Amino acid sequence: MQSFLSPWHRQVLSCSWSRLCLLKRHLFTMKLQSPEFQSLFTEGLKSLTVVIIFIVMIPSNLGILNYLPDKKDIFKDLCCSSKGQSILGDPFLKLFAKENHELRIAGGAVRDLLNGVKPQDVDFATTATPTQMKEMFQLAGIRMINNKGEKHGTITARIHEENFEVTTLRIDVTTDGRHAEVEFTTDWQKDAERRDLTINSMFLAISLVWYMASGLCCAINTEASLGLILGILLLAWRACSLGFVEPASIHAPAFHDRVDDVTGFDGTLFDYFNGYADLKNKKVRFVGHAKQRIQEDYLRILRYFRFYGRIVDKPGDHDRETLEAIAENAKGLAGISGERIWVELKKILTGDHVNHLVHLIYDLDVAPHIGLPANANLEEFNKVSKNVEGFSPKPMTLLVSLFKVQDDVTKLDLRLKISKEEKNLGLFLVKYRKDLVKATDSSEPLKPYQDFVIDSRELDATARVCELLKYQGEHGLLKEMQRWSVPPFPVSGHDIRKVGISSGKEIGALLQQLREQWKKSGYQMEKDELLSYIKKT
């Protein structure tokens, strides 16, 4: 469920937000409440985001805002329970809220949540520097792992068996098309400006909700100032002292309780570049000028294609400026590592509109800079892309349809450093796509594929044959192959020795003959029947 924030809500949520809305004319904010968003709140994430939460039953029409006592009284009356125990306690003082650092979900996770998808990975952005984060985590006894990202502003915290990557807001000082020298900032818009696409440039602030009996609703956010929180607590205290409400109507849950048993979580979207509108309109655009964003990191060319395949409903609608920028800067991909290119290319091949995007890659002269053959077999690719549609092919299954010879697979490997499994699949498909075909002269069209699996004796032989059937468009045989299990050959060398044959060479030859007989029987002949064949010969 998504709901837009009224002006009243924006004022209550945080005074800093209101100022931000005035200063940033293009900032769009929206409240997000969805099952996907709620499902993110594991115990580890709550430890990062919890501030303090009160349910206060106060009639909204009472004029008590002018009755605020001295700050020292609030801690005496509200920070302690009837048993003298701390209500605010350590959770209020720890982590990001303790130092009043802002913490927001960033980038792809926000995009997925707005699309109604639970993100696989959740990255966070913060105004805290890496040094400040390290100090906070160390004081809280939180383990930190993988310090390789620290120079770029990323600290990884390990909480409740989960990893949380938190990155300081950054500005790119210098870029070379591959890497950037960064400078830390506290300006959220500056950080958004350096991101690639508008749909990836949004932030989501995490809030904890509290309610008033009149039905009004507001939130204390992780970025709320101490003054704002004190103001709310002072209001509740004064309501009690003036008799407007009974003290029993103020409830401060213990932090060892499940927070979401008392209330819920919501989030406020911060969108500086119309990313939400682009997402709703199924539009993929670069932040600012496409040429500038691409020259900062040439891999963004492939990221554009990748997200186009994920977001756009119907292919063909591209900004002219974007296509011109891609064509003009395609050669920059030659300097990008093969591993990074292969990660993006695989995602393009497993997304939507693959045929359109691969043709675009060739039309814009991107192909030769990412390891694809200049003389690609696009006619074969058109046929195979239809064959595999809806059957979840592996990236290599579709990609090799562009290749004419096995050497094209070898050249791809040299450029992109593909895995051994991927290379072997590519070589297999190019070799057998025309030679290993269904039987047309028998009632068992799947038999040639089954015989191949039996003879290969490799663990992944069945999986490779299934990819070949997808490539060939043999969907009926594919279903049969997926149901078929490889039967065990019933005769061993030990069985042959028992009938009096001891020569290793002769045993090997006999095993092969028996295997052929067994295959001809449709894998039905049993051990005794096969051994009797030896005696006859």
Side-chain angles (χ1 to χ4, degrees), residues 380 383-384 387-398 400-401 403 405-406 409 419-537:
E380 176 78 357
K383 182 178 71 174
V384 174
N387 289 345
V388 302
E389 191 172 353
F391 288 90
S392 303
K394 292 185 177 180
M396 188 59 72
T397 302
L398 182 54
V400 296
S401 62
F403 302 163
V405 293
Q406 284 187 317
V409 179
S419 71
K420 183 178 179 181
E421 178 187 353
E422 291 164 337
K423 181 180 180 180
N424 288 339
L425 175 60
L427 293 171
F428 165 79
L429 291 170
V430 174
K431 181 178 180 180
Y432 289 103
R433 59 188 172 187
K434 302 299 181 185
D435 296 337
L436 182 54
V437 295
K438 66 181 179 182
T440 56
D441 56 351
S442 74
S443 59
E444 300 178 83
L446 190 62
K447 190 74 164 44
Y449 301 99
Q450 294 170 322
D451 287 349
F452 178 87
V453 172
I454 294 291
D455 291 339
S456 71
R457 305 179 204 177
E458 295 182 12
L459 294 176
D460 64 345
T462 301
R464 287 190 199 176
V465 167
C466 285
E467 292 303 305
L468 176 62
L469 290 167
K470 294 175 188 177
Y471 184 104
Q472 296 171 334
E474 297 290 356
H475 303 149
L477 296 183
L478 172 64
K479 291 180 181 178
E480 287 186 48
M481 194 71 191
Q482 290 170 334
R483 290 193 299 264
W484 181 70
S485 58
V486 182
F489 180 52
V491 178
S492 66
H494 183 68
D495 295 321
I496 295 179
R497 287 191 183 91
K498 283 184 177 180
V499 299
I501 299 173
S502 58
S503 169
K505 185 176 182 180
E506 192 174 354
I507 289 173
L510 281 171
L511 281 173
Q512 186 57 39
Q513 291 176 20
L514 295 180
R515 187 178 293 274
E516 292 300 321
Q517 290 295 323
W518 178 63
K519 284 160 56 179
K520 289 178 181 177
S521 72
Y523 322 112
Q524 298 299 313
M525 291 179 69
E526 298 183 357
K527 181 192 293 187
D528 292 340
E529 190 177 0
L530 288 168
L531 292 176
S532 67
Y533 174 80
I534 295 178
K535 296 173 183 178
K536 291 177 183 178
T537 57

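The structure displayed is predicted, hence computed values, not measured ones. Side chains included, hydrogens not; waters and symmetry mates left out as well; all remaining heavy atoms used.
Here the shortest heavy-atom pairing between Val486 and Val453 reads CG2-CG1, 3.7 Å. Here the shortest heavy-atom pairing between Pro448 and Leu436 reads O-CD1, 3.7 Å. Nearest heavy-atom pair, Met481 versus Cys466, reported as atom, atom and distance to 0.1 Å: CG-SG, 3.9 Å. Between Lys394 and Glu467, the shortest heavy-atom contact is N-OE1, 3.0 Å. Contact record, Gln517 with Leu530: CB-CD2, 4.3 Å, taken as the closest heavy-atom pair.
For residues 481-517, the pairs satisfying ring pair (Phe, Tyr, Trp, His ring centres under 6.0 Å) are Phe489-Trp518, with sequence neighbours left out. Applying the salt bridge (Lys or Arg N to Asp or Glu O under 4.0 Å) definition to pairs two or more places apart or across chains, those involving residues 490-515 are Asp495-Lys527. Screening residues 474-484 for salt bridge (Lys or Arg N to Asp or Glu O under 4.0 Å) gives Lys438-Glu474 as the qualifying pairs, with residues at least two apart or on separate chains.
In this view, Glu529 and Met525 satisfy the side chain to side chain contact (heavy atoms under 4.5 Å, CB included) rule, not counting sequence neighbours. In this view, Ala509 satisfies the side chain to side chain contact (heavy atoms under 4.5 Å, CB included) rule with no residue, not counting sequence neighbours.
In this structure, Thr397 OG1 and Arg433 CZ are separated by 12.0 Å, a value rounded to the nearest 0.5 Å. Remark: Leu468 CG to Phe452 CZ distance equals 8.5 Å, nearest 0.5 Å. A distance of 9.5 Å separates CD in Gln450 from OG1 in Thr462, rounded to the nearest 0.5 Å. In this structure, OG in Ser502 is found 12.0 Å from CD1 in Ile496, a value given to the nearest 0.5 Å. To the nearest 0.5 angstrom, Tyr449 atom OH is 10.5 Å from Leu478 atom CG. Within the model, atoms CD of Glu380 and OH of Tyr471 stand 3.5 Å from one another, a figure rounded to the nearest 0.5 Å.
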side-chain contact (heavy atoms from CB on, under 4.5 Å) evaluation trace for Lys470 with Asn387: CA-CA 6 Å; Lys470 294 175 188 177; Asn387 289 345; over 6 Å; no

Evaluation steps, side-chain contact (heavy atoms from CB on, under 4.5 Å), between Tyr523 and Lys447: CA-CA 10 Å; Tyr523 322 112; Lys447 190 74 164 44; 4.0 Å; yes

Give the table of side-chain donor-acceptor pairs shorter than 3.5 Å for residues 422-431, with sequence neighbours excluded, one pair per line with atom names and distance.
from: Glu422; atom 1: OE1; to: Trp342; atom 2: NE1; distance (Å): 2.9
from: Glu422; atom 1: OE1; to: Ser419; atom 2: N; distance (Å): 2.9
from: Glu422; atom 1: OE1; to: Ser419; atom 2: OG; distance (Å): 3.1
from: Glu422; atom 1: OE2; to: Trp342; atom 2: NE1; distance (Å): 3.4
from: Glu422; atom 1: OE2; to: Lys346; atom 2: NZ; distance (Å): 3.3
from: Asn424; atom 1: ND2; to: Lys420; atom 2: O; distance (Å): 3.4

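Within 6.0 Å of atom CD in Glu389, 12 or fewer heavy atoms from other residues, nucleotides or ligands are found, so the atom counts as exposed in its surroundings. In Glu421, the CD atom is not crowded: 12 or fewer heavy atoms of neighbouring residues, nucleotides or ligands sit closer than 6.0 Å.
Using a 4.5 Å cut-off on side-chain heavy atoms (C-beta onward), Pro490 and Asp528 make no contact.
Here Lys519 pairs with Glu516 in a salt bridge; the nearest charged N to carboxylate O distance falls below 4.0 Å.
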